[in-house]
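To start, the structure under review is shown below, and the notes come after it.
By convention here, the first residue in the shown sequence is residue 1.
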Amino acid sequence: MKSDLVQQITLYKYRYVVSFGVLALIALLVVAWQFWVLPDGLTESEIASATAAGHFSPTQFLGSVVNLPWTIMQWLSIKLFGATILAFRLPAVILMILSAVGLVLFLRKWARQNIAVVSGFWAVTSMMFIGLSRSGTPAAMTTFLIIMILLSVVTILKSVEEYGQDKAENQVRRSWQTLLAKIIVCVALALLCYQEAGIYLVALFIAVGVIHPKTRLVFLKSKPWKIAVGLAAGFAVLAPLIFGLVANGWSLIKDWLALDGAWSLGNLGWLGSALGGFEAGLVGGLVIPAVTLVALVVAFLGLMKICVDRLSARSYLTLALLLVTLTLAAWRPTLVYLLFVPLTLLVTVGIDTLIRQWYDLFPCNPYARILAVVPLAIMIATLGWTSITRFGLSQNYDESVVYHYNQEFMAARNVLSKDKDARVLVVAADQKSFYEILERDFPGLVVATKPQSGAKNIVLGSANVKKSEIPSHVTTSSRSKNAVLLRVY
């Protein structure tokens with residue numbers, strides 16, 4: 001009897017280790033499960049990103065400094081695995097797995113461990129997280145950098161608070177943790193400057209750091225030589241961005257600052273649909289609505305709580321981040337992915353508030369406290385399952401989502417892989433640059449906008465080329481508005 005009690009106590013001690021292990025497995029499955037075929041096809045955002053990475057050159061990169069960290073990562077993936085959907089999306093898969101780890105570590109420091117488990121489960125099963133991990137766009141890099149900045153800042157503040165309470169041998173370890181966190185936050189801020197609209201977030205983090213007394217005190221206590229080294233390293237990382245923007249002028253600066261948006265009722269409608277709509281759609285490569293109605297209610301509860309505690313550090317950060325990201329998403333709905341982190345923070349605060357309010361009702365009754373676990377577990381499990389199911393159903397059956405994915409790319413690759421005689425790929429003029437990245441995988445391939453005589457031509461349906469000859473092969477798909485993907489002559 002005594003041994004059973006000891007074993008139960010031992011298992012209880014490792015409950016969070018088991019919980020975070022299960023959470024890591026769920027995140028891995030959600031992110032990586034057949035990501036090269038789910039979703040089936042490429043969005044316009046993925047095509048634009050792959051085109052930039054496919055034509056990237058390390059020696060001539062000043063013209064492509066916007067989203068440069070992502071472009072380099074995707075370029076390396078294409079170099080290793082060829083021009084395939086797997087290569088296009090693999091960087092996003094890696095970044096979002098790292099983001100999930102960083103987010104949970106951040107939530108453990110930002111809230112209680114039980115809240116971190118529950119909120120982490122909601123985050124990794126949310127529609128927005130699934131969409132970010134399965135879309136080969138720079139949005140994954142921006143999300144990853146935001147999470148790294150938050151994790152590093154919280155690590156610095158926690159280490160400084162606990163430094164004086166540690167034993168001498170632990171103080172050295174905390175000093176190194178603080179130094180590493182400072183390096184990471186400087187590098188992440190510099191890299192975030194490269195991302196589209198990232199400069200607004202960098203300005204936000206710096207402003208919050210200056211305004212809030214805790215972060216300001218950490219900066220003032222830093223040694224001058226460390227500050228100088230950090231500034232020099234930051235300018236060194238930012239040098240290519242500065243030179244690239246100066247060399248290319250206003251056209252590139254406009255993309256960098258995301259100035260192609262507009263204040264309009266249409267954009268506000270798209271944002272509303274993305275957050276609380278009922279009809280499925282696709283915005284910036286992400287399936288909408290990005291969150292469920294129940295999650296929005298919990299997030300609203302969290303918003304009310306941080307408004308009441310507006311002088312706390314987490315309220316400063318969450319309110320400022322929410323305001324900036326909402327403004328950017330309203331200006332240009334394709335930036336709706338920026339809301340992933342602030343929504344996660346609001347849901348975390350909302351869940352924490354719900355549990356604390358229930359505990360306050362029964363301060364001395366442990367059985368009543370346990371009763372709150374069952375409905376909370378059902379709610380969170382339902383939210384996760386609903387998000388995963390909705391994502392799958394939208395990808396497979398909703399025409400407003402399915403028809404936005406380009407099926408022709410993989411169809412062309414399959415024909416080129418099987419038919420060694422095919423040497424001319426006929427595409428639409430606005431897609432020629434994208435399909436030219438296939439030329440490195442298939443030597444001798446020519447990408448053209450018109451069929452060439454004396455050669456076997458693969459004519460894509462979107463090329464809108466009419467020939468009187470009877471094709472030797474036709475590839476069709478029920479998942480495309482134009483059922484005929486390509487014809488071989």
Subject >> Under the ring-ring contact (aromatic ring centres under 6.0 Å, His included) test, residues paired with Trp331 that sit two or more places apart >> reply: Trp263
Original post:
After noting the C-alpha distance and the side-chain angles of Leu38 and Gln395, does the key distance pass the side-chain contact (heavy atoms from CB on, under 4.5 Å) rule?
Top reply: CA-CA 8 Å; Leu38 295 173; Gln395 293 294 335; over 6 Å; no
**OP:** Could you grab the distance from atom CD of Gln34 to atom CG of Asp40, nearest 0.5 Å is fine?
**Re:** 11.0 Å
Original post:
In terms of heavy-atom contacts, does CD of Glu44 have more than 12 from other residues, nucleotides or ligands at under 6.0 Å?
Top reply: no
**OP:** Please list, chain by chain and in numerical order, all residues satisfying side-chain contact (heavy atoms from CB on, under 4.5 Å) with Ser480, sequence neighbours excluded.
**Re:** Gln407, Asn482, Leu485
**OP:** Determine, step by step, whether Asp398 and Val287 satisfy the side-chain contact (heavy atoms from CB on, under 4.5 Å) criterion, reporting the C-alpha distance in whole Å, the side-chain angles of both residues, the deciding distance to 0.1 Å, and the verdict.
**Re:** CA-CA 11 Å; Asp398 200 303; Val287 178; over 6 Å; no
Original post:
Step by step, would you call Ile351 with Ile380 a side-chain contact (heavy atoms from CB on, under 4.5 Å)?
Top reply: CA-CA 10 Å; Ile351 293 172; Ile380 297 300; 3.9 Å; yes
Original post:
Given side chains that start at C-beta, do those of Leu343 and Thr325 come closer than 4.5 Å, heavy atoms only?
Top reply: no
Original post:
Hey, are the side chains of Leu338 and Leu201 touching, using non-hydrogen atoms and a 4.5 Å cut-off?
Top reply: yes
Original post:
Which heavy atom of Lys432 sits nearest a heavy atom of Val447, and at what distance?
Top reply: CE-O, 3.4 Å
Original post:
With sequence neighbours excluded, what pairs up with Phe391 under the ring-ring contact (aromatic ring centres under 6.0 Å, His included) test?
Top reply: none
Subject >> Counterpart residues, salt bridge (Lys or Arg N to Asp or Glu O under 4.0 Å), relative to Arg332 (two or more places apart) >> reply: Glu196, Asp260
**OP:** Please list, chain by chain and in numerical order, all residues satisfying ring-ring contact (aromatic ring centres under 6.0 Å, His included) with Tyr435, sequence neighbours excluded.
**Re:** none
Subject >> Heavy-atom pair of closest approach, residues Leu383 and Ala295 >> reply: CD2-N, 4.0 Å
**OP:** List in chain and number order the residues that pass ring-ring contact (aromatic ring centres under 6.0 Å, His included) with Phe35, two or more places apart in sequence or in another chain; answer none if no residue qualifies.
**Re:** none
Original post:
Do you know which two heavy atoms are closest between Ala258 and Leu335, and how far apart they sit?
Top reply: CB-CD1, 4.3 Å
Original post:
Does Ile183 have any side-chain contact (heavy atoms from CB on, under 4.5 Å) partners at least two apart in sequence or in another chain, and if so, which?
Top reply: Leu179, Val187
Original post:
Excluding sequence neighbours, so at least two apart, what forms side-chain contact (heavy atoms from CB on, under 4.5 Å) with Ile206?
Top reply: Val202, Val210
Original post:
Any side-chain heavy-atom pair from Leu151 and Val185 closer than 4.5 angstrom?
Top reply: no
Subject >> For Arg390 against Pro289, the heavy-atom pair lying closest together >> reply: NH1-CG, 3.2 Å
Subject >> Atom pair CG/CD of Leu460 and Gln431 - distance to nearest 0.5 Å >> reply: 7.5 Å
**OP:** Say whether, by atom type as modelled, one donor and one acceptor occur between the side chain of Arg440 and the main chain of Ala83 under 3.5 angstrom.
**Re:** no
Original post:
How many angstroms lie between CD1 in Ile85 and CE in Met410, if you round to the nearest 0.5 Å?
Top reply: 5.0 Å
Original post:
Do you know which two heavy atoms are closest between Val341 and Ile147, and how far apart they sit?
Top reply: CG2-CG1, 3.9 Å
Original post:
Out of curiosity, Leu76 CG to Thr71 OG1, how far, rounded to the nearest 0.5 Å?
Top reply: 11.0 Å
Original post:
Any donor-acceptor pair under 3.5 Å linking the side chain of Ser49 with the backbone of Ser45?
Top reply: no
Only distances under 3.5 Å count here; give the side-chain donor-acceptor pairs of residues 229-256 to other protein atoms, sequence neighbours excluded, each with its distance to 0.1 Å.
from: Asn248; atom 1: ND2; to: Leu62; atom 2: O; distance (Å): 2.8
from: Asn248; atom 1: ND2; to: Gly244; atom 2: O; distance (Å): 2.7
from: Trp256; atom 1: NE1; to: Cys193; atom 2: O; distance (Å): 2.6

Original post:
Would Val22 and Phe121 satisfy side-chain contact (heavy atoms from CB on, under 4.5 Å), going step by step from the backbone distance to the final call?
Top reply: CA-CA 10 Å; Val22 172; Phe121 176 80; over 6 Å; no
Subject >> Plane angle bin for Phe56 and Trp75 - parallel if under 30°, tilted between 30 and 60°, otherwise perpendicular >> reply: perpendicular
Original post:
Is there a side-chain contact between Leu150 and Leu317, using heavy atoms and a 4.5 Å cut-off?
Top reply: yes
**OP:** Report yes if the side chains of Trp36 and Leu90 come closer than 4.5 Å at any heavy-atom pair, otherwise no.
**Re:** no
Original post:
Can Glu46 and Tyr405 be counted as having a side-chain donor-acceptor contact under 3.5 angstrom?
Top reply: no
Subject >> Minimum heavy-atom distance Ile78-Ala50, with the two atoms named >> reply: CD1-O, 4.3 Å
Subject >> Gap between atom CD1 of Ile130 and atom CE of Met128 - 0.5 Å precision >> reply: 11.5 Å
Subject >> Side chain to side chain, Thr318 and Val349, heavy atoms closer than 4.5 Å >> reply: no
Subject >> Residues in salt bridge (Lys or Arg N to Asp or Glu O under 4.0 Å) contact with Asp352, at least two apart in sequence or another chain >> reply: Arg112, Arg356
Original post:
Counting distance only, does the side-chain N/O of Gln113 pair as donor-acceptor with the main-chain N or O of Arg108 below 3.5 Å?
Top reply: no
Original post:
Does the side chain of Val427 come within less than 4.5 Å of Phe434's, by heavy atoms?
Top reply: no
Original post:
Which residue pairs pass the side-chain hydrogen bond (donor to acceptor under 3.5 Å, both in side chains) test with at least one member in residues 123-152, sequence neighbours excluded?
Top reply: Thr142-Gln195
Original post:
Once you round to the nearest 0.5 Å, how far does CG of Leu107 lie from OG1 of Thr348?
Top reply: 4.5 Å
Subject >> salt bridge (Lys or Arg N to Asp or Glu O under 4.0 Å) partners of Asp430, counting only residues at least two apart >> reply: none
Original post:
Does a side-chain heavy-atom distance below 4.5 Å link Asn396 with Arg479?
Top reply: yes
